[in-house]
Each structure stands twice: as C-alpha cells, then as structure tokens.
Amino acid sequence: MVVSLNHNVNQTLEELPNAYQTALAQYDRAVRHMELDDNVVEYMRWPRREFTVNFPVRRDNGHVEMFTGYRVHHSTVLGPSKGGIRYSTNVTLDEVRALAMWMTWKCSLVNLPYGGAKGGVLVDPKSLSMREREGLTRRYASELIPLISPYSDIPAPDMGTGPQEMAWIMDTYSMTVGYSVPAIVTGKPTNIGGSQGRVEATGRGVVICMVEALKRKGWTTPGNISVVIQGFGNVGTYAAAYAHDLGYKIVGVSDIDGGIYNANGLNIPTVRKWVGEHRTVVGYPDAEPVTNSELLTLPCDVLIPAAMEGQITENNAPHIKAKMVVEGANGPTTTEADDILHERGILVVPDILANAGGVTVSYFEWVQGLQEFFWDVEEVYRQLERILIRAYDGTATMTEKHNVDMRTAAQMTAIQRVGDALVTRGFYP
Ligand code: GLU
C-alpha cells in the first residue's frame with residue numbers, strides 16, 4: 001500500500017493576506033477604545049484549544065492519502081463553541097484560528113449563548129468522488145469526537161461543505177455513541193432534524209443587513225440600487241436570489257472561475273439555472289465576462305464580497321466604486337483596506353453582523369433539536385430578522401457613541417459581552 005501526504009494543494013496561499021493577523025489587528029483596534037481590564041484583554045486574544053489531526057482516506061483507486069484537519073475552539077465563555085467546517089486548499093491553522101475568533105465575536109454580537117470555533121480540512125473538495133468525500137468526512141468526524149457534543153462544540157457547514165457532510169458527521173457521532181444525536185451539528189438536511197430556512201439563512205441575513213443600511217441612508221427604491229456579488233456559493237447565491245426577489249438590480253456576480261456583468265441587471269433565476277447546468281457563472285449568455293478582480297471595482301451602489309477572506313486589500317480598496325460594502329464572507333477586508341474605505345466614506349457593514357444569519361438559524365436548529373419541536377419557515381424568518389435588526393441597531397448606536405467605524409463598533413459590542421461574562425465567571429482556578 002502506498003501512502004502519500006496531500007500537502008501539495010496549498011498553492012494560492014502566498015497570495016492571501018494572513019487572516020489571523022487581520023483578526024488580531026481588528027481585536028487590538030477595538031480594545032483600544034474600551035475600558036477593559038488588561039488580564040481580560042490578554043485572555044480573549046488567545047484561542048482556548050487547537051487540535052490538529054493527520055488522517056488517512058482511501059481513494060477510489062485503492063491508494064491511501066493522508067489529509068490534515070484542524071478544529072480550534074477560540075472561546076467557550078458564553079456557552080458551547082459554535083462554528084463551521086471548511087474544506088479548502090487554503091486551510092491553515094492560522095486561517096482556522098482567525099475564523100474561530102470571528103465566530104466568538106459573531107455569536108456574542110447577535111447575543112447567542114455560544115462561544116466560537118472553526119474547523120478545516122486541507123483538501124480540494126472538487127477532487128473527491130462522493131465516496132471519498134464521505135470517507136474523509138466520517139474519518140475527520142471520528143477524530144473530532146472527543147471535542148464535539150451538543151453541549152460542548154457544535155459544527156456546521158462552511159466553504160466546501162453542506163447538508164450532506166453534516167448528515168455524515170451526525171451519523172458518525174450517533175453510531176459511535178449508539179443513539180441518534182441530531183443536535184451534534186447544524187445545517188443538516190431537514191429530513192434528519194435540520195431547520196427550515198437554514199440553507200438560505202446566511203444570504204438572507206446579508207440582504208436583511210443591506211436593506212437596513214440602505215434604509216438608514218434614505219435609499220429605499222430597490223430598482224434604483226445596483227448590487228455586485230463576489231462568490232456564488234451558499235452565501236452569494238441566496239443573497240442574490242433574495243435581493244433579486246426584493247427588486248434590487250444585481251449587475252455582477254462571480255465564482256472561482258470568473259465573473260459576469262450586465263449594467264441593466266442579471267436575471268438571477270436564469271443565472272442559477274445556468275450554474276445548475278454548467279457548474280459556473282462563466283459563459284452565461286446575457287452578460288459580459290469580467291475577471292474576479294475587475295468585478296470588485298465595477299460601478300455599483302453595493303458590493304457584497306461573499307467568497308473568502310482577504311479579497312479587499314490596500315491594492316484594490318482605492319478603486320472600489322461601491323458606496324457600501326456588505327460582508328457576506330468572513331474577513332474579506334484587510335485592516336489597511338478598512339482604513340482606506342473609511343476615509344473614502346464607504347460604509348462597511350462588517351462580517352460578524354452581515355453574515356450572522358447562518359449561525360443564528362443554526363442556533364434555532366440546535367434549539368429545535370434539543371426540544372424536538374420544529375418551527376415553520378415563517379417563524380424562522382421572523383425570528384432571524386428580529387435578531388439581526390436588533391444587532392444592527394446596537395452596532396449603529398455604538399458607532400455613533402464612540403465615533404468609530406462599524407466594524408470596530410461591532411467588535412467592541414461583542415468583546416464587551418464576552419469580557420463581562422468572563423469577569424463574572426472569574427479566572428479558574
Ligand atoms: N460557517 C458559518 C459562519 O461562518 C455558520 C456557522 C454555524 O452555523 O455554526 O458563520
């Protein structure tokens with residue numbers, strides 16, 4: 001049997017800014033405006049636990065390949081840690097650390113009783129057959145068993161994973177303990193305890209925040225507002241669909257292979273049909289082709305980066321034409337770019353608010369699973385909107401009170417809540 005290490009997939013890494021440095025810089029910036037005890041500041045800066053595992057997956061050709069996976073628990077101060085699992089060729093321990101920290105602030109900002117975590121496997125998900133994908137997911141899940149449970153750490157989907165992976169994780173955990181435990185993961189298919197409205201929740205939440213931001217600027221005619229969306233995965237697709245349903249003009253969208261632009265507005269249902277048949281937006285007939293970097297600087301009112309971290313940098317921030325950026329992805333904007341956008345008067349609705357719809361409906365799913373009492377989709381949407389608007393309101397108030405940008409205000413609100421709970425609980429022992 002031949003064993004090889006699957007570490008040659010990490011090629012684009014050099015090009016991406018280090019997400020953990022961005023997360024720490026944002027944290028340091030936020031705490032400077034706060035009156036927190038130094039011990040509390042230092043404690044919250046560190047991930048609580050970090051787990052690395054190398055594990056085998058048998059390929060369809062019989063060959064066994066080794067893969068590396070991570071799970072980081074940044075904080076468990078407000079409750080069990082919560083966060084997705086990502087399959088991507090950019091996964092590193094630093095990326096997972098950053099994403100775990102952002103989960104802590106996100107859950108705190110929207111007032112969910114959770115800490116923050118994230119997991120990742122360094123793999124190109126497109127390179128796996130269905131059987132290999134199942135093998136990889138089940139083996140990674142079994143390695144995570146000492147770390148996860150409905151009361152300690154609850155995984156969910158992220159980039160490169162979805163309901164099917166969650167079903168395999170739920171089944172692997174349940175087979176190990178000997179009975180079904182639906183509340184071990186969220187983002188499951190609805191026929192095994194998933195919540196109505198979870199699949200579209202992140203994209204829907206992005207649009208709820210966009211509409212709120214526009215309303216506060218007095219821009220209330222959707223047909224006059226043009227939107228560009230980078231990324232046509234789970235977040236971008238449902239953001240585009242919901243915004244299109246509300247009457248906004250989606251002029252540009254992209255995926256990893258490239259982008260498309262139509263100044264008169266794209267017909268999103270037909271773009272989705274095209275993607276269903278061709279697996280990419282590229283080649284869609286009723287639009288001009290654009291590259292991913294051109295897409296970010298297209299003329300538009302709202303830019304929604306919904307792909308991945310480190311996309312808006314000091315290089316392209318001076319050329320962004322949007323009047324508002326609503327962050328669907330986690331960490332799409334570097335700290336240098338944040339400063340440039342702020343100086344240029346471009347509002348950035350930060351990730352931990354704008355994309356919190358996903359984890360919010362994950363929370364509903366977890367609650368429904370523990371109670372074995374399920375809600376209809378109208379109830380899910382109503383509660384989602386209530387929670388996001390309340391968090392938006394709190395963040396906007398903080399922005400004005402401290403005269404800071406919206407990201408700093410959101411982080412301050414979130415950090416304060418975790419810090420207060422930490423002080424109340426005390427340092428053990
Ligand atoms: N991966 C999503 C996020 O980044 C969802 C996490 C969850 O539902 O726990 O927010």
Side-chain angles (χ1 to χ4, degrees), residues 19 23 70-76 78-88 90-91 95-110 112-121 125 144 147-150 152-163 165-166 169-170 182-189 193-195 197-206 208-209 231 233-239 305-309 326-332 350-369 380 384 387-388 391 410 414:
Y70 306 97
R71 182 84 182 160
V72 172
H73 295 172
H74 174 260
S75 172
T76 56
L78 291 176
S81 53
K82 186 86 190 79
I85 290 172
R86 160 175 301 201
Y87 292 172
S88 130
N90 292 309
V91 165
E95 187 197 43
V96 179
R97 283 174 173 148
L99 292 161
M101 192 179 203
W102 284 324
M103 283 311 300
T104 301
W105 310 141
K106 191 186 305 188
C107 294
S108 171
L109 180 66
V110 291
L112 306 179
Y114 288 141
K118 202 76 166 204
V121 178
L144 288 186
L147 290 183
I148 61 175
S149 80
S152 60
D153 178 28
I154 307 120
D158 197 78
M159 217 188 223
T161 63
E165 285 71 24
M166 298 308 115
I169 295 173
M170 181 273 206
I184 183 64
V185 284
T186 59
K188 299 177 292 293
S195 178
R198 176 62 185 86
V199 173
E200 63 270 35
T202 314
R204 194 177 176 94
V206 170
I208 291 171
C209 289
N234 177 262
V235 182
T237 304
Y238 288 101
M308 64 178 306
E309 59 271 16
V326 184
E327 296 184 333
N330 293 307
D351 47 5
I352 60 170
L353 174 62
N355 73 33
V359 73
T360 301
V361 177
S362 274
Y363 167 62
F364 301 159
E365 180 172 330
W366 180 72
V367 167
Q368 293 171 77
V380 170
L384 171 64
I387 287 180
L388 289 182

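Here the structure is a predicted model, which is why all the values come from computation and not from measurement. Order of appearance sets the numbers: ligands from 1, and atoms from 1 within every ligand.
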Would you check if [X] and [Y] make a side-chain contact, meaning some heavy-atom pair closer than 4.5 Å?
X: C107; Y: L78; result: no
X: I85; Y: V185; result: no
X: Y363; Y: V367; result: yes

Filter the ligand 1-protein atom pairs down to N or O on both sides and distance under 3.5 Å, then list them.
residue, atom, partner, partner atom, Å
ligand 1, 1 (N), P157, O, 2.9
ligand 1, 1 (N), D158, OD1, 2.8
ligand 1, 4 (O), K106, NZ, 3.1
ligand 1, 4 (O), K118, NZ, 3.0
ligand 1, 4 (O), D158, OD1, 3.4
ligand 1, 4 (O), N330, ND2, 3.1
ligand 1, 8 (O), R198, NH2, 3.1
ligand 1, 8 (O), S362, OG, 2.5
ligand 1, 9 (O), K82, NZ, 2.9
ligand 1, 10 (O), K106, NZ, 2.6

- prompt: Nearest heavy-atom pair of G116 and S81: which atoms, and what distance?
  reply: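 Looks like O-CB, 3.7 Å.
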message: Using every non-hydrogen atom in the two residues, find where I148 and P155 come nearest and quote the distance to one decimal.
response: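 Nearest pair, atom of I148 first, then P155: CG2-CG, 3.9 Å.
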task: Using a strict cut-off of less than 4.0 Å between a Lys/Arg side-chain nitrogen and an Asp/Glu carboxylate oxygen, indicate whether E309 and R86 qualify as a salt bridge.
output: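 Salt bridge between E309 and R86, a charged N being under 4.0 Å from a carboxylate O: yes.
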